[in-house]
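Written out below as structure tokens is the structure these notes cover.
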Amino acid sequence: MNVGIIGGGQLARMLALAGYPLGLRFQILDPAADACAGQVAPLIQGDYDDAAQLARLAHWADVVTFDFENVPAAAAHILAERVAFHPPAEALAKAQDRLSEKTLFWELGIPTPNFATIDSFEELQSAAKRIHLPAVLKTRRLGYDGKGQRILRTPQDLEPAWQALGSVPLILESFVPFEREVSVLAIRRRDGATAFYPLVENHHREGILRLSRAPCFMPELEQEGWDYAHRLLDRLNYVGLLAIEFFIQEGRLIANEMAPRVHNSGHWTIEGAATSQFENHLRAILDLPLGATTAVGHAVMLNCIGALPERSAVLALPDAHYHDYGKTPRSGRKVGHITLRGTDPDAVWKGLKQLLPLVGFRPEAFG
Ligand code: AMP
């Protein structure tokens with residue numbers, strides 16, 4: 001079976017690596033000749049809106065998927081007309097615009113921070129009064145890893161934030177003084193069969209995910225998160241893996257955003273779950289039976305941002321699994337991750353204390 005992937009980053013790379021044991025073949029479309037997925041699968045170099053290249057990929061593939069959510073709507077349209085294209089274009093469209101995404105959550109009864117659409121400085125002033133400060137001003141489109149957003153703490157912050165972001169449509173959200181951040185990874189097959197991974201706890205620094213831990217043993221919240229995910233999967237007639245990020249505030253889940261693709265907070269599943277998110281995404285889009293999503297022991301995943309630690313120092317830790325994405329290191333760039341997985345939570349915790357300094361954190365950085 002042939003799988004086309006739009007986007008050739010680390011997610012496409014890990015999808016291909018997960019698909020080879022199933023006998024799948026891959027081709028990847030990316031504008032960059034050195035896209036890191038091109039090291040493990042044939043790369044078609046072309047723009048995402050290159051109609052000829054899209055048609056070529058659609059002709060070759062049995063199914064086309066993507067590794068990032070800013071696939072142009074026109075490209076999704078060309079592909080969906082010619083070949084099985086999953087997850088659905090509607091999920092992409094909703095996730096590309098924070099306003100449609102939050103409106104969808106709201107329609108499905110999934111709690112969100114209060115929000116307002118902002119198209120002028122006057123609207124920002126009146127929304128800030130209604131929503132109250134502190135609040136977060138975000139670009140509606142193309143924001144990721146905390147980029148394109150400003151926290152407004154006092155009325156004096158409005159003018160500079162508007163100057164910095166106001167050239168594009170914005171959304172203002174109430175600032176959630178959350179206790180924790182978690183995510184739900186959910187999968188749906190074409191026939192409607194679903195599966196859910198254990199709830200994942202996430203830690204961000206400067207808007208970028210640094211550490212994920214699973215399972216995190218919060219059964220009631222896990223059930224609530226699965227229920228919300230189920231509503232989204234059914235409403236979108238979804239096929240593939242969907243990730244939803246939540247804040248926990250006063251013991252309740254508040255949805256932040258969703259990603260219609262495999263997700264960084266699911267990398268722990270490669271070693272930490274019976275079937276990885278990458279394999280299950282492929283199974284879902286190819287209409288194969290889903291694999292078990294149960295956790296295998298305790299897992300902690302640490303992102304390597306900007307640089308990778310020395311391979312031998314990491315592999316000296318008994319529970320460590322090293323993932324180098326084959327990218328040129330650059331400040332702020334995700335270049336790899338390390339997962340610690342073991343049956344004894346104390347041993348995993350001890351390993352984490354040793355690992356943190358290798359990726360630039362103090363041993364006590366994550367409590
Ligand atoms: P995002 O790009 O929306 O995923 O935001 C990146 C990170 O910024 C989140 O994981 C949170 O840590 C923080 N953040 C975003 N929105 C809010 C909010 N409304 N209240 C508090 N923190 C937020």
Side-chain angles (χ1 to χ4, degrees), residues 11 68-70 91-92 94-106 110-118 124 127-128 130-154 157-158 161 164-165 168-185 199-214 216 221 225 228-229 232 242-268 301-303 305 332-334 337 361 365-367:
L11 299 179
F68 71 116
E69 59 261 41
N70 289 315
L92 263 178
K94 297 280 185 206
Q96 284 174 358
D97 180 348
R98 291 184 191 275
L99 180 66
S100 351
E101 180 182 61
K102 290 223 156 53
T103 306
L104 175 66
F105 291 156
W106 185 80
I110 302 171
T112 66
N114 288 330
F115 61 93
T117 173
I118 307 290
L124 176 59
R130 243 182 8 260
I131 286 181
H132 300 300
L133 300 184
V136 190
L137 187 64
K138 298 181 177 178
T139 56
R140 274 173 53 181
R141 305 179 77 88
L142 300 174
Y144 68 100
D145 285 347
K147 292 187 174 59
Q149 51 183 278
R150 293 277 190 291
I151 299 179
L152 310 180
R153 297 184 192 282
T154 70
D157 294 337
L158 269 59
L165 302 177
V168 292
L170 302 173
I171 184 171
L172 186 70
E173 296 174 11
S174 54
F175 180 88
V176 181
F178 57 82
E179 289 121 38
R180 289 165 194 243
E181 290 184 272
V182 293
S183 55
V184 169
L185 307 165
L199 196 65
V200 189
E201 180 175 342
N202 301 314
H203 295 262
H204 295 80
R205 292 286 185 276
E206 285 111 31
I208 305 182
L209 181 70
R210 299 295 168 143
L211 181 147
S212 293
R213 184 174 75 85
C216 59
L221 283 179
Y228 294 151
L232 284 162
L242 175 73
I244 310 151
E245 295 184 69
F246 294 95
F247 305 118
I248 301 181
Q249 187 195 13
E250 293 172 5
R252 288 191 59 219
L253 291 181
I254 299 180
N256 177 29
E257 62 179 3
M258 65 177 184
R261 54 168 169 79
V262 285
H263 194 252
N264 195 170
S265 71
H267 291 0
W268 65 274
M301 188 276 329
L302 264 180
N303 268 340
I305 315 277
R333 195 176 201 201
K334 290 178 184 168
H337 76 265
F361 286 106
F366 296 96

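First listed ligand is number 1; within each ligand, the first listed atom is number 1.
- Annotation: side-chain contact (heavy atoms from CB on, under 4.5 Å) contacts of Pro134 (sequence neighbours excluded): Phe175.
- Residue Lys138 approaches ligand 1 through these ligand atoms, each under 4.0 Å from one of its heavy atoms: 3 (O), 15 (C), 16 (N).
- Under the 4.0 angstrom criterion for non-hydrogen atoms, Ser174 is in contact with ligand 1.
- Heavy atoms of Leu209 found under 4.0 angstrom from ligand 1: none, in either backbone or side chain.
- To the nearest 0.5 Å, the span separating CG on Asn70 from CZ on Arg141 amounts to 7.5 Å.
- Checked against a 3.5 angstrom limit, the closest N/O atoms of Glu245 and ligand 1 fall outside it.
- For the residues Gln149, His203, Arg205, Glu206, the heavy atom positioned nearest atom 5 (O) of ligand 1 is part of Gln149.
- Looking at Val176 against ligand 1, both its backbone and its side chain come within 4.0 Å, counting heavy atoms.
- The nearest non-hydrogen atom to atom 12 (O) of ligand 1, considering only Glu173, His204, Glu181, comes from Glu181.
- Separation of atoms CZ (Phe247) and CG (Leu253) is listed at 11.5 Å; rounding is to 0.5 Å.
- Partners of Ser183 according to the side-chain hydrogen bond (donor to acceptor under 3.5 Å, both in side chains) rule, which considers only residues two or more places apart in sequence or in another chain, are Asn202, Ser265.
- Residue Lys102 holds its NZ atom at 12.0 Å from OG1 of Thr117, rounded to the nearest 0.5 Å.
- The distance from atom NZ of Lys138 to atom CZ of Arg98, rounded to the nearest 0.5 Å, is 4.5 Å.
- Within a 6.0 Å sphere centred on CZ of Arg205, other residues, nucleotides and ligands contribute more than 12 heavy atoms.
- The ligand atoms of ligand 1 that sit less than 4.0 angstrom from a heavy atom of Phe178 are 12 (O), 21 (C), 22 (N).
- Contact annotation: for Arg98 versus ligand 1, heavy atoms closer than 4.0 Å belong to the side chain alone.
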